[in-house]
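Since we're looking at a predicted model, the values are computed, not measured.
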Amino acid sequence: MATIITLTTDFGVEDGYVAALKGVILGINPRATVVDICHQIEAQNIAQGAFVLMTACPYFPDGSIHLAIVDPEVGGGRRAIALRTGRAVFIGPDNGVLSHAALRASAQDQPGGGVLSELPPGVECFEISNPRYWRQPVSPTFHGRDVFAPVAAHVSAGVALSDLGRAVGSIRVLPFPRPEALERGGLLGHVLHIDHFGNIITDIQRGDLPPGRFRLEVGHHSIASLGRTYCEAEGLTALIGSSDHLEIALRNGSAARFLGLGIGDPAKLVRDR
Amino acid sequence: MATIITLTTDFGVEDGYVAALKGVILGINPRATVVDICHQIEAQNIAQGAFVLMTACPYFPDGSIHLAIVDPEVGGGRRAIALRTGRAVFIGPDNGVLSHAALRASAQDQPGGGVLSELPPGVECFEISNPRYWRQPVSPTFHGRDVFAPVAAHVSAGVALSDLGRAVGSIRVLPFPRPEALERGGLLGHVLHIDHFGNIITDIQRGDLPPGRFRLEVGHHSIASLGRTYCEAEGLTALIGSSDHLEIALRNGSAARFLGLGIGDPAKLVRDR
Amino acid sequence: MATIITLTTDFGVEDGYVAALKGVILGINPRATVVDICHQIEAQNIAQGAFVLMTACPYFPDGSIHLAIVDPEVGGGRRAIALRTGRAVFIGPDNGVLSHAALRASAQDQPGGGVLSELPPGVECFEISNPRYWRQPVSPTFHGRDVFAPVAAHVSAGVALSDLGRAVGSIRVLPFPRPEALERGGLLGHVLHIDHFGNIITDIQRGDLPPGRFRLEVGHHSIASLGRTYCEAEGLTALIGSSDHLEIALRNGSAARFLGLGIGDPAKLVRDR
């Protein structure tokens with residue numbers, strides 16, 4: 001079948017690692033369409049991988065298979081899993097890298113992360129433990145090539161998730177950062193991601209915005225009101241970005257560099273007086 | 001239809017932005033072949049995007065669709081356009097990023113850039129204003145995902161350009177740098193692009209070369225004659241490169257770093273005495 | 001035919017060079033599946049290109065065509081060749097970039113590199129000299145676009161290698177670094193490659209490991225025993241990596257940076273006393 005398989009990894013693009021995944025996939029299902037989401041996830045940064053996958057996967061057609069491999073415990077005790085939601089299949093290590101994308105709403109109910117002990121309705125999850133669909137021999141350091149890629153290819157060719165291993169009812173989820181309520185309807189948000197342009201994406205989502213007039217305090221700067229586009233203000237703009245998060249941008253520049261902000265730093269929405 | 005859609009953007013490869021375009025395209029036309037031209041255009045550098053697209057698109061088969069998104073005014077007043085030439089379709093913001101590729105010869109007739117008020121024969125252009133072919137809701141900051149990608153996918157699947165919006169008769173073109181005539185048949189050229197190898201590509205084209213013996217003066221160096229390949233001289237070579245522009249190379253090194261040159265710097269072709 | 005064509009180059013991703021190859025290929029064979037192996041080979045580093053190609057190509061299905069272009073002598077005297085092994089076709093300049101991948105075992109018999117004067121059984125090689133399958137005009141500086149890509153596309157569409165030019169019986173091979181025997185069964189290995197994670201890959205292969213207990217001396221450090229995974233030790237680990245070479249890793253860090261090692265540096269396997 002001509003299914004889409006996406007790849008999100010921390011493998012970089014200087015070696016043959018990503019290509020090995022693609023070779024294995026196309027050897028099993030020559031009709032798969034393999035699409036790179038990102039291979040520049042910082043090495044071992046599971047949270048960054050989870051965020052980037054979450055922001056990209058909603059735009060793929062139903063039935064796509066999303067492979068995410070940021071896997072510092074490869075070859076150790078962590079489980080490998082395949083999850084099916086109403087829209088897509090997610091395959092990767094059970095370390096949280098899939099959790100934002102596969103379980104967005106549910107994962108948010110676990111603010112501190114950890115183990116989600118009940119899967120939401122309509123989601124099923126299987127451990128990847130049946131070696132029948134693996135490449136042999138399996139390198140203990142490269143399950144991407146020898147376990148995840150062949151499993152994704154077999155699933156794209158019609159193998160049922162239930163053939164991969166036993167059903168599992170709980171998976172690991174990452175903390176999903178959320179803003180904290182402040183007095184008078186304000187919000188204490190945090191920097192979630194800094195993109196290629198230096199735009200600062202916070203954990204304040206469109207639906208979190210309180211009614212009324214607010215200003216955004218970030219670094220030593222204050223932004224008076226919410227804009228709509230990157231080009232309407234001369235300097236800093238705050239707006240709801242394309243992933244429905246509150247975002248801070250600097251026209252024709254990097255807001256992150258200008259403000260000196262990094263992941264986790266505060267961004268405060270304060271009621272105008 | 002199995003049409004090629006190429007992508008040229010300043011989105012970088014650290015986020016899920018490029019993948020979102022591909023997901024949207026494949027959701028609309030699963031048979032499209034999506035090919036990256038470049039995603040490392042410097043942020044907001046329309047001229048660089050225009051140059052890279054111009055150098056790559058001639059090698060794609062007739063009927064290819066070229067999507068170019070370097071779009072600092074996204075969500076503001078700039079128009080979105082789709083152009084058809086005898087060979088290909090070009091889709092993007094009407095800020096000049098398409099002009100070198102779609103209108104090479106004509107754009108050169110407008111040395112200072114600006115608005116080309118009459119399209120050359122055989123070229124038609126339509127404003128992208130019919131929301132029927134867009135993804136909804138449209139993010140004001142990401143027309144790539146919500147306007148350009150779906151429109152390109154629909155066009156690849158057979159939608160006529162005339163269904164996208166009204167015909168337009170004038171478009172914005174970038175200045176196309178050209179060498180200036182010097183006394184005694186010489187030419188004052190400029191650095192147009194510096195490639196990955198550090199080769200310096202100038203705005204002097206093959207057809208500009210004057211007859212007779214000339215030397216090239218660049219930085220504090222003088223190159224005595226034109227070579228043919230990167231490997232024939234020990235140090236600096238000047239030659240007509242693969243895009244038919246006069247190019248300065250350093251054997252096994254970066255000419256740009258060696259000479260300390262940047263975009264716009266002069267390179268002078270002077271008659272030997 | 002729906003054949004896979006892989007690309008390994010030093011072209012980088014900032015220009016339109018890689019896309020030009022893809023456009024040419026798809027113009028000749030629209031059904032080819034083009035897969036990037038790597039475009040971040042250091043400029044002119046033939047050995048690095050040969051290594052990366054060698055580590056990735058075994059994972060592609062039989063019949064794949066591997067194009068490798070690290071070609072500092074382009075337009076000069078070097079030959080262009082197409083090699084067929086029992087599994088795949090390799091196309092590129094005859095400068096050794098194909099030799100590890102196409103002739104792994106045989107190339108190792110030529111420790112100093114140079115010319116392999118007899119092809120191993122089952123391998124055939126042809127000079128690419130018949131301009132019929134080239135793009136015209138041929139740029140002397142970009143045989144990738146004008147010679148190698150069209151030839152690969154034609155071969156993927158069914159053209160026989162023997163139509164490309166005359167059979168050749170000897171090709172250039174790169175030195176294939178191998179460890180040297182030390183007293184008491186030890187081995188003096190060398191750093192072959194440093195990957196994106198900073199893992200240090202040596203020229204000591206799985207089959208080279210002597211029986212008994214050994215320790216690895218590298219930089220000013222000594223690693224007491226061989227591990228199995230990246231996550232089992234706190235600091236440095238030595239293990240047999242996914243390409244069956246002895247590899248040195250640092251948990252959640254870069255072993256290469258930590259140890260200050262580079263290509264060619266020694267890694268010594270010494271018998272424990």
Visitor: Under the 3.5 angstrom rule, does the side chain of C:Arg228 hit a backbone N or O of A:Gly75 as a donor-acceptor pair?
Guide: yes
Visitor: CG/C:Asp244 to OG/A:Ser139 distance, rounded to the nearest 0.5 angstrom?
Guide: 8.0 Å
Visitor: What part of A:Asp10 gets closer than 4.5 Å to chain C, counting heavy atoms only: side chain, backbone, both or neither?
Guide: both
Visitor: Can you say whether A:Phe11 sits under 4.5 Å from chain C via the side chain, the backbone, both, or neither, judging by heavy atoms?
Guide: both
Visitor: Kindly indicate whether the side chain of C:Val35, heavy atoms from C-beta on, has any atom under 4.5 Å from the side chain of A:Leu26.
Guide: yes
Visitor: If I compare all heavy atoms of A:Pro72 with all of C:Cys231, which pair ends up nearest, and what's the gap?
Guide: O-CB, 3.5 Å
Visitor: Where does C:Leu239 contact chain A at under 4.5 Å (heavy atoms): side chain, backbone, both or neither?
Guide: side chain
Visitor: Atom NZ in A:Lys22, atom OG1 in C:Thr6: separation rounded to 0.5 Å?
Guide: 11.5 Å
Visitor: Take atom CZ of A:Arg135 as the centre, draw a 6.0 Å sphere, and report whether it contains more than 12 heavy atoms from other residues, nucleotides or ligands.
Guide: yes
Visitor: Picking from C:Cys57, C:Gly198, C:Ser242, C:Ala249, which has the most non-hydrogen pairs under 4.5 angstrom with chain A?
Guide: C:Ser242
Visitor: Heavy atoms only: give me the nearest A:Val13-C:Cys38 pair and the separation to one decimal.
Guide: O-SG, 3.4 Å
Visitor: C:Glu42, C:Gln40, C:His196: which one forms the most heavy-atom pairs within less than 4.5 Å of chain A?
Guide: C:His196
Visitor: Taking all atoms of both residues into account, what is the closest heavy-atom pair of A:Gln44 and C:Asn252, and its distance?
Guide: CG-OD1, 3.3 Å
Visitor: Which atoms of C:Ile4 are under 4.5 Å from chain A, going by heavy atoms: the side chain, the backbone, both sets, or neither?
Guide: side chain
Visitor: Give a yes or no on whether the backbone of C:Tyr59 and the side-chain of A:Arg145 come within a donor-acceptor separation of less than 3.5 Å.
Guide: no
Visitor: Less than 4.5 Å to any heavy atom of chain A: does that hold for the side chain of C:Leu7, its backbone, both, or neither?
Guide: neither
Visitor: Taking side chain as everything from C-beta outward and backbone as N, CA, C, O, which of these in C:Thr33 sits under 4.5 Å from a heavy atom of chain A? Side chain, backbone, both or neither.
Guide: side chain
Visitor: Shortest non-hydrogen contact from C:Ala56 to A:Gly16?
Guide: CB-O, 3.8 Å
Visitor: Please look at A:Val18 and chain C and tell me whether the side chain, the backbone, both or neither of the residue comes under 4.5 angstrom of a heavy atom of that chain.
Guide: neither
Visitor: Does the side chain of A:Asp15 come under 3.5 Å of the side chain of C:His193 through a donor N or O and an acceptor N or O?
Guide: yes
Visitor: About how many Å separate CD of A:Glu14 and CD of C:Gln48, when rounded to the nearest 0.5 Å?
Guide: 9.0 Å
Visitor: Would you say that more than 12 heavy atoms from the other residues, nucleotides or ligands in this model lie under 6.0 Å from the CZ of C:Arg257, or not?
Guide: no
Visitor: Quick one: OH on A:Tyr17 to OG on C:Ser243, what's the gap to the nearest 0.5 Å?
Guide: 6.5 Å
Visitor: At a 4.5 Å cut-off on heavy atoms, which part of C:Asp36 comes close to chain A: side chain, backbone, both, or neither?
Guide: backbone
